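Quick note: numbers below take in every heavy atom, side chains included, and nothing from hydrogens, waters or symmetry partners. Everything numeric here is computed off the predicted structure, so don't read it as measured data. Read the numbers this way: they start at 1 and go in the same order the structure lists the ligands and their atoms.
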Amino acid sequence: MMRTRPLKVALLGCGVVGSEVARIMTTHADDLAARIGAPVELAGVAVRRPDKVREGIAPELITTDATALVKRGDIDVVVEVIGGVEPARTLITTAFEHGASVVSANKALLAQDGATLYAAAGRHGQDLYYEAAVAGAIPLIRPLRESLAGDKINRVMGIVNGTTNFILDKMDTSGAGYSEALDEATALGYAEADPTADVEGFDAAAKAAILAGIAFHTRVRLDDVYREGMTEVTAADFASAKEMGCTIKLLAICERAADGGSVTARVHPAMIPLSHPLASVREAYNAVFVEAEAAGRLMFYGPGAGGSPTASAVLGDLVAVCRNKLNEANGPGESAYTQLPVSSMGEVVTRYHISLDVADKPGVLAQVATVFAEHGVSIDTVRQHGRQDGGGEASLVVVTHRAPDAALSGTVEALRKLDTVRGVASIMRVEGE
Ligand code: HSE
C-alpha cells in the first residue's frame, strides 16, 4: 500500500549531476513513488551560487547553507553530489547523526576515508550507497556488494576513466600522438581544462581503491594504490602493441595474491591483447572485467560519466535507500573482515614489453639476455630489427614471462647502464592473457 507521507530528500550540489537528479525526481515522480511505495519530495537543494537560474526547481528550495539543510531533522535521504573530501565528509556524517541515509557519488571521499563514513552510518542505523562513485551508470558497486557477496572475487580489471580511454582510442585508431589526442578530447568536452586528475590516473586510482575494498572485503585507501598516468604513452608504443596483436589501455587492476594472503591495487597503462573483451571498449566508455571463483568471468560495460548516466546510478540508490527506510531495514554496511594487507607494486607479478635501441654488433644479445637472467626474469619472445640508417644500431623488443614487478623494473635499470644499450624506447606492462 502506498504511504502518503512523502520521504524527504535533500540534494547537496546542483551541477551537471545534481540538476539531472532533480529533473528526473520531478518528471518521474509517479513512477518513483510506485516503485518505492511512498512519494519522494525534494525538500531542499544546497548550492554555491544561489542566483543561478535552475529550471524545474522551486526557488524556495535553494539554500547556500548545506549544514543547516542536513541538520533539519525531517530529511530522510541526503544526496551528496558536491565531490571532494571536505565539506562533503562533515556534511555526510552530520546527515547520519540527524537520521538521514546518504547517497553519494563522491569517489575521492570514499577512497580516502570510506571507513569513517561507514562507521557513522552504522552508529546511526543509516544507509550509505554510492553506485555513482565508480563508472557512472554502470551497475558495479551493487553487483560486487550484493550479487557476488556469496562468491570469491580474485581479480577486478577495468577501464574506469572515460577521458583517458577516449584519448588512447584516438591514438590507436588515428595514429595521433598524446598531445593531439588530448586536444581533441578537450575540444569535444571529454577532458577538463586541467586534465591532471584523469591523465595522471588519480581518478582511476580512487575508483580502484573503492573496487578493491569491496571485492576483497578489506580496506584499501587511495594511498595504497600504485599509480602511473598515461601521458608518456607514444604513437611508437601503439605501433609496438599492434605488432604484438595488442592495444594500450589505462587499466585499474585489483588482485588477490596467489596465496590469498594479500591484495594489490594499481593503475597504469598496459598492453592487452585485441582478443580481450576490454580491448574493444572504445571512445569514452568504461568497462570492468571481474573474475570470481564460482561465477567465472563477468564484464560490466557502459557510460562511465556524464550528468544523465551518473544521475541514473544516483536514482537507483535513492530508490533502494527509500525502500529500506520504509521497511525499517538497512542495506549492506562495510565488509572489511578479511583485513588483508595491501602489497606494494614491487610484489605484483606481471609481464613487461621492453623496446631497446642497441648497438648492432656481436655479443649484444647475449649481454642483454644475461641481465634478464641475473634478475630472475625469463624471456618469452625477442624480436630484432636491424636499422637501415647505417648507424650500427638495432631495435630489440623483448617480452618477458611473468615476474615480480621489482625484478622487472630492476632489469630495466640494469639494461639502461649497459654501454651497448643506447636507449630504452618503451616499457609497457602486458596484461589480460
Ligand atoms: N573524469 C572521469 C572520466 C569521470 O573521464 O571518466 C568522473 O569520474
Taking the basic N atoms (NZ, or NE/NH1/NH2) and the acidic carboxylate oxygens, is any pair closer than 4.0 Å for Glu228 and Arg429? yes
Output for ligand 1, non-hydrogen cut-off under 4.0 Å, lists Lys107, Asn161, Gly162, Thr163, Asp198, Asp203, Lys207, Ala305
Between Tyr352 and the options Asp405, Thr400, Thr411, the side-chain hydrogen bond (donor to acceptor under 3.5 Å, both in side chains) test singles out Asp405
Notebook entry, point to check: Has Arg142 got its NZ or CZ under 6.0 Å from the middle of the six-membered ring of Tyr129, at an angle within 45 degrees of the ring axis?
Noted result: no
Across all chains, not counting sequence neighbours, the salt bridge (charged side-chain N to carboxylate O under 4.0 Å, His left out) partners of Arg48 are none
Sorted by chain and number, sequence neighbours left out, salt bridge (charged side-chain N to carboxylate O under 4.0 Å, His left out) with Arg402 holds for none
Applying salt bridge (charged side-chain N to carboxylate O under 4.0 Å, His left out) to Arg155 and not counting sequence neighbours gives Glu255, Glu291, Glu431
